[in-house]
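Notes for the one structure printed next.
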Number of protein chains: 2
Amino acid sequence: MIPNGQSVESVLASHGVKPTPQRMVIAEYLLNTLDHPTAEEVLDAVSGKLPVALSRATVYNTLNSLKEAGVVREVLAEPGKVRYDANLSNHHHFIDVKTGQIIDVPAEKVEKLGKLLDKKFKVHGVQVTFFGDLQQDESEQT
Amino acid sequence: MIPNGQSVESVLASHGVKPTPQRMVIAEYLLNTLDHPTAEEVLDAVSGKLPVALSRATVYNTLNSLKEAGVVREVLAEPGKVRYDANLSNHHHFIDVKTGQIIDVPAEKVEKLGKLLDKKFKVHGVQVTFFGDLQQDESEQT
DNA sequence: AAGCGGATTAGATCTAGTCTAAAGATATTA
DNA sequence: TAATATCTTTAGACTAGATCTAATCCGCTT
Ligand SMILES: [Mn+2]
Ligand SMILES: [Mn+2]
Ligand SMILES: [Zn+2]
Ligand SMILES: [Zn+2]
């Protein structure tokens, strides 16, 4: 997650995010976990690490800032919850429908989109979503 | 969406869903749109079509029943909203980040996952999510 | 007709997320 | 240093999607 020997502060700096104490602890947490925590989980995990109280609004503000700055990305897994992921490598996610566990899947594993993956993953379904920009438009379509 | 010349009633029957009037109008609506409506949008669209009031609880109950029965599937596009899709063919979604419009993309268009698609779709990002069942487990992993 | 189980209802409740208005920090002038 | 501007954080109110509850309704079977 955290690139090479970079400090959390330098990661923020390189993305143009001013390093306040609140942002530091939140980014540090995200950059050092393989989990895909929700805002609530981030709050629980880091609120003890500051001398002052950490408000929910700040957690949400910070997560949105980090997302917009490109430090983390959103993962939409279950309905009704946004999760955050500091792994910016080209990868996808496998979600265990029993436990809810979310596991990173390197993009190169996704060759034929249906075969692939370890035999350890019994795939029930795949959901692929493109986000982009629809050109409006000349004749022929999808 | 709706298979061949089948009636809505027979679609429900073939999936083991008892065809009440509420379920009929909801299923009929979903089976005849290319949209990917939310529960709220379903409620708005069909509530006038019944002689009685249609409660929100029934809409949610019905959507969950239809999903579990395999008549529709969930689409997780934007955070905080579940959308429903009666197109069960193997396909993915393109979401216009400007308008929010959701467009079906046939699976065969998704060959190399990055190239592909019409030039009309400028892809900013792709999110692939597998849902499944994690075998717990012998040695080697992803 | 009585009883049963599933379906539907209105409205309360839950919860993730946003908004608000005030207070705090930090940088930039004079 | 003081004044000011801009940005950040805070507690708590608020919103909105979704679920829960308990009463009622409806179609069957006896
Ligand atoms: Mn969250
Ligand atoms: Mn909805
Ligand atoms: Zn990930
Ligand atoms: Zn679709």
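Lettering of chains follows the sequences in order, A, B, ..., and the numbering in each one begins at 1. This structure is a prediction, so every number in the text was calculated from the model and none was measured.
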Side-chain contact test, heavy atoms from C-beta onward, threshold under 4.5 Å: evaluate it for Glu41(A) versus Arg83(A) and give yes or no.
-> yes
Whole-Å distance separating the OH atom of Tyr60(B) from the C1' atom of dT13(C) = 14 Å
Output all residues satisfying side chain to side chain donor-acceptor pair (under 3.5 Å) with His91(B), sequence neighbours left out; order by chain, then residue number.
-> Arg73(B), Asp85(B), His93(B), Asp104(B)
Integer-rounded Å distance: dT8(C) C1' and Leu63(B) CG | 15 Å
Whole Å only: how far is the CG atom of Asn64(B) from the C1' atom of dT8(C)?
-> 15 Å
Using atom types as modelled, flag every donor-acceptor pair under 3.5 Å from a side chain in residues 64-71 of chain B to any protein atom, sequence neighbours excluded.
residue, atom, partner, partner atom, Å
Asn64(B), ND2, Tyr60(B), O, 3.2
Ser65(B), OG, Asn61(B), O, 2.9
Lys67(B), NZ, Glu74(B), OE2, 2.7

When the C1' atoms of the five terminal pairs at each end define the local axes, what inter-axis angle does the helix from dA1(C)-dT30(D) to dA30(C)-dT1(D) show, to 10 degrees?
-> 10°
Minimum side-chain heavy-atom gap Leu63(B)-Leu30(B) below 4.5 Å = yes
Salt bridge (charged side-chain N to carboxylate O under 4.0 Å, His left out) involving Glu28(A) - partner list, sequence neighbours excluded | none
Check the distance between dT15(C)'s P and Lys81(B)'s NZ and give it to me in whole angstrom.
-> 21 Å
Residues 48-56 of chain A, side-chain donor-acceptor partners within the protein, below 3.5 Å, at least two apart:
residue, atom, partner, partner atom, Å
Ser55(A), OG, Ala57(A), N, 3.3
Ser55(A), OG, Thr58(A), N, 3.2
Ser55(A), OG, Thr58(A), OG1, 3.3

Figure out the CD/C1' separation between Glu78(B) and dT18(C), and round it to whole Å.
-> 16 Å
Could you run through nucleotides 5-13 of chain D and give me one letter per nucleotide, 5' to 3': B if any protein heavy atom sits under 4.0 Å from the base, S if only the sugar-phosphate is that close, - if neither?
-> ---SBBB--
Verify the cluster assignment for Leu31(B) and Tyr29(B): are they in a single hydrophobic cluster under the rule of side-chain heavy atoms below 4.5 Å apart?
-> yes
